[in-house]
Amino acid sequence: MNAMMKILRARYLAARRVARYLLAGALALGLAAPAFAEPPLEKTEIRYQGWAGQVTFTELAEDLGYLAPLKLKWVGNTISGPQDIQTVVTGDIDIGGAFYGAIIKLIAAKAPIKAVVGYYGSDANTYYGYFVKDDSPIKAARDLIGKKVAVNTLGAHLEFVLREYLAQNGLSAGEAKRVTLVAVPPVTGEQALRQGQVEVSALSGVLRDKALERSGIHSLFNDTDLFGQFTGGAYVLRDKFIKDNPNTARKLVEGISRAIQWAQTTPPDEVRARFDRIIAERKRNEDASSIKYWKSTGVASKGGVISDAELQIWIDWLVKDGLLKPGQIKASDTYTNEFNYFRPGKTAEAR
């Protein structure tokens with residue numbers, strides 16, 4: 001028996017040596033590749049728009065090394081989410097982000113885009129408030145009839161939230177139309193309120209915090225009062241971009257989702273320090289003072305994984321407002337989690 005065991009062991013060791021020699025030869029000839037090698041990318045330059053004085057998660061992903069060998073090409077700054085995703089539709093940039101309602105409306109208009117990762121939202125630290133002066137007679141939703149409300153852009157997050165607030169508080173569609181929305185650049189929203197050009201101004205982040213420091217105003221309501229913590233919008237890619245560049249799309253979205261999760265789990269002071277450095281190094285002659293007020297991502301899910309529920313609430317709103325027909329759009333048709341690093345069922349944590 002011992003002799004037989006020795007023979008079997010000798011054969012096993014010989015077979016292992018042969019296998020090692022064959023693998024070494026294959027690697028030397030370029031016939032085999034390491035198991036961890038990534039598939040080649042179809043496109044290595046990603047065009048995008050930035051935001052003055054802010055760091056996008058696309059930029060953060062590049063700085064963290066999550067996009068390499070992809071390179072970002074900044075083509076300028078955007079002024080709103082709807083403008084950003086419309087520029088994706090026209091093909092002038094590759095990736096852009098906006099409020100879910102704006103994305104749904106574009107898709108309903110046959111725009112060939114998909115939401116791929118949620119990138120902003122509201123929570124206890126990061127939210128939009130609708131502010132009035134302390135001596136304002138406006139105390140409730142009905143008091144807004146005949147008044148002007150400053151928002152950053154029409155047809156986006158701030159308009160939808162305001163309309164929902166009015167509806168939840170019993171205003172009819174006709175009454176809600178008597179509340180006038182005024183598009184005002186965010187940086188002048190506080191001034192417009194204090195000078196009486198509008199009766200209500202929507203403020204968030206540094207603009208909100210600075211305004212509160214100066215006192216004299218208070219919040220009538222916040223978007224979190226209506227929806228709790230929620231992801232409000234997503235980055236989108238064109239369907240053709242995904243079809244023609246599947247490996248690039250995966251690398252890009254995986255990197256962005258990892259950057260979002262990094263910001264979700266890293267102490268805010270470290271995130272702010274990194275944002276400050278990124279802005280300083282890109283040399284765009286911009287004011288970075290707002291970074292010190294950054295508190296959280298506002299994104300409700302890990303790494304911006306998208307769910308039907310996030311979109312359905314806005315689909316229902318658009319149907320109720322008569323902008324969509326019932327059943328015209330399914331939430332699941334407007335997005336994909338296929339490329340998210342933290343997508344359900346993916347063992348990304350084990351990497």
Side-chain angles (χ1 to χ4, degrees), residues 38 41 43-81 83-85 87-88 92-98 116-121 125-126 152 185-187 204-210 233-237 241 245 247-299 302-304 339-342 351:
E38 293 185 343
L41 303 181
K43 178 182 175 69
T44 57
E45 182 180 83
I46 302 298
R47 300 165 300 158
Y48 78 104
Q49 295 183 121
W51 289 81
Q54 299 179 37
V55 176
T56 69
F57 286 118
T58 308
E59 293 168 325
L60 177 62
E62 181 179 53
D63 189 72
L64 288 167
Y66 295 159
L67 297 186
L70 288 178
K71 296 290 185 182
L72 297 182
K73 182 179 181 181
W74 174 65
V75 300
N77 287 328
T78 185
I79 56 172
S80 74
Q83 186 276 338
D84 203 28
I85 61 173
T87 311
V88 174
D92 294 308
I93 59 174
D94 299 309
I95 187 168
V116 290
V117 58
Y119 79 100
Y120 89 88
N125 293 313
T126 301
N152 66 329
V187 293
S204 70
V206 57
L207 300 174
R208 178 197 66 222
D209 292 348
K210 283 184 174 181
Y235 288 121
V236 303
L237 295 174
F241 181 96
N245 309 282
N247 297 329
T248 297
R250 183 175 303 281
K251 185 70 178 179
L252 176 61
V253 178
E254 281 195 352
I256 293 171
S257 62
R258 291 176 67 194
I260 291 169
Q261 198 269 343
W262 180 89
Q264 289 174 320
T265 58
T266 300
D269 59 339
E270 291 184 29
V271 178
R272 289 190 290 266
R274 195 166 198 117
F275 284 172
D276 278 332
R277 179 180 56 75
I278 292 172
I279 289 176
E281 290 179 353
R282 69 193 187 190
K283 295 181 173 61
R284 294 181 189 168
N285 191 29
E286 58 197 317
D287 178 10
S289 62
S290 64
I291 295 301
K292 67 181 179 181
Y293 291 89
W294 189 92
K295 297 175 181 176
S296 66
T297 67
V299 177
K302 184 174 184 178
F339 306 122
N340 193 302
Y341 191 78
F342 302 99
R351 280 195 184 181

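In this text, all values refer to a predicted model and were calculated from it rather than measured experimentally.
- Panel note: side chain T266, backbone A263; no donor-acceptor pair is recorded below 3.5 Å.
- Note that the CG atom of N77 and the OH atom of Y48 stand 8.5 Å from one another [nearest 0.5 Å].
- For D84 (side chain) and G97 (main-chain N/O), a donor-acceptor pair under 3.5 Å exists by modelled atom type.
- For the pair R274 and W262, the distance from NZ or CZ to the six-membered ring centre is under 6.0 Å and the angle to the ring normal is within 45 degrees.
- Using a 4.5 Å heavy-atom cutoff, the side chains of V116 and I256 are not in contact.
- For T126, the side chain to side chain donor-acceptor pair (under 3.5 Å) partners are S296, not counting sequence neighbours.
- R258 forms a cation-pi arrangement with Y66, by the criterion of a distance under 6.0 Å to the ring centre and an angle within 45° of the ring axis.
- For the pair F241 and I46, the minimum side-chain heavy-atom distance is below 4.5 Å.
- Using modelled atom types, no side-chain atom of Q264 and backbone atom of T297 make a donor-acceptor pair closer than 3.5 Å.
- Contact between A61 and G255 at its shortest, heavy atoms only, is CB-O, 3.4 Å.
- Closest of all the heavy-atom pairs between G96 and V88 is N-CG2, 3.3 Å.
- Among V271, V55, I291, the one residue that satisfies the side chain to side chain contact (heavy atoms under 4.5 Å, CB included) test with D276 is I291.
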Exercise for the section: Test side chain to side chain contact (heavy atoms under 4.5 Å, CB included) on V117 and F339 and set out the steps. Expected result: CA-CA 8 Å; V117 58; F339 306 122; over 6 Å; no
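- Side-chain atoms of R284 never come within 3.5 Å of backbone atoms of A52 as a donor-acceptor pair (strictly under, hydrogens ignored).
- Side-chain atoms of K251 do not come within 3.5 Å of backbone N or O of L70 as any donor-acceptor pair.
- Evaluation of the side chain to side chain donor-acceptor pair (under 3.5 Å) rule for T248 yields E42 as partners, not counting sequence neighbours.
- Judged as a side chain to side chain contact (heavy atoms under 4.5 Å, CB included), and not counting sequence neighbours, K292 has no contacts.
- The line from CD1 of I278 to OG1 of T56 is 8.5 Å long, rounded to the nearest 0.5 Å.
- Looking at R277 and E281, a side-chain N of the basic residue comes within less than 4.0 Å of a carboxylate O on the acidic one, giving a salt bridge.
- Of the possible polar contacts, none joining the E45 side chain to the L72 backbone as a donor-acceptor pair under 3.5 Å is found.
- Among all heavy-atom pairs drawn from N152 and P186, the shortest one is CB-CG, 3.7 Å.
- Taking 4.5 Å as the limit, every side-chain heavy atom of V236 sits out of range of all side-chain heavy atoms of I95.
- S290 and G53 make their closest contact through OG-O, 3.3 Å (heavy atoms, listed as atom of the first residue, atom of the second, distance).
- Taking CH2 from W51 and CD from E286, the interatomic distance works out to 13.5 Å, rounded to the nearest 0.5 Å.
- Atom CG of N247 sits about 12.5 Å away from atom OG1 of T44, to the nearest 0.5 Å.
- In this structure the side chain of I93 never reaches within 4.5 angstrom of the side chain of T78, judged on heavy atoms.
- Taken to the nearest 0.5 Å, the OG atom of S289 stands 7.5 Å off from the OH atom of Y293.
- Side-chain contact of Q54 with E59: a donor-acceptor pair under 3.5 Å is absent, judged by distance alone.
- Under the side chain to side chain contact (heavy atoms under 4.5 Å, CB included) criterion, Y119 pairs with F57, Y235, I260, sequence neighbours left out.
- Counted by atom type alone, Y341 and Q261 present zero donor-acceptor pairs between their side chains at under 3.5 Å.
- Side-chain contact between L41 and P69 is present, with heavy atoms from C-beta onward closer than 4.5 Å.
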Practice task
Please step through side-chain hydrogen bond (donor to acceptor under 3.5 Å, both in side chains) for the pair Q83 and T87, ending with a clear verdict.
Solution key: CA-CA 6 Å; Q83 186 276 338; T87 311; 3.1 Å; yes
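- Taking the side chain as every heavy atom from C-beta outward, N245 and L252 never approach each other to under 4.5 Å.
- The salt bridge (charged side-chain N to carboxylate O under 4.0 Å, His left out) contacts involving residues 65-79 comprise nothing, where partners must be two or more places apart or lie in separate chains.
- Residues passing the side chain to side chain contact (heavy atoms under 4.5 Å, CB included) test with D269 are P267, R272, sequence neighbours excluded.
- Atom CD1 of residue I85 and atom CD of residue Q49 lie 11.5 Å apart, to the nearest 0.5 angstrom.
- The backbone N or O of R47 sits less than 3.5 Å from a side-chain atom of D94, completing a donor-acceptor pair.
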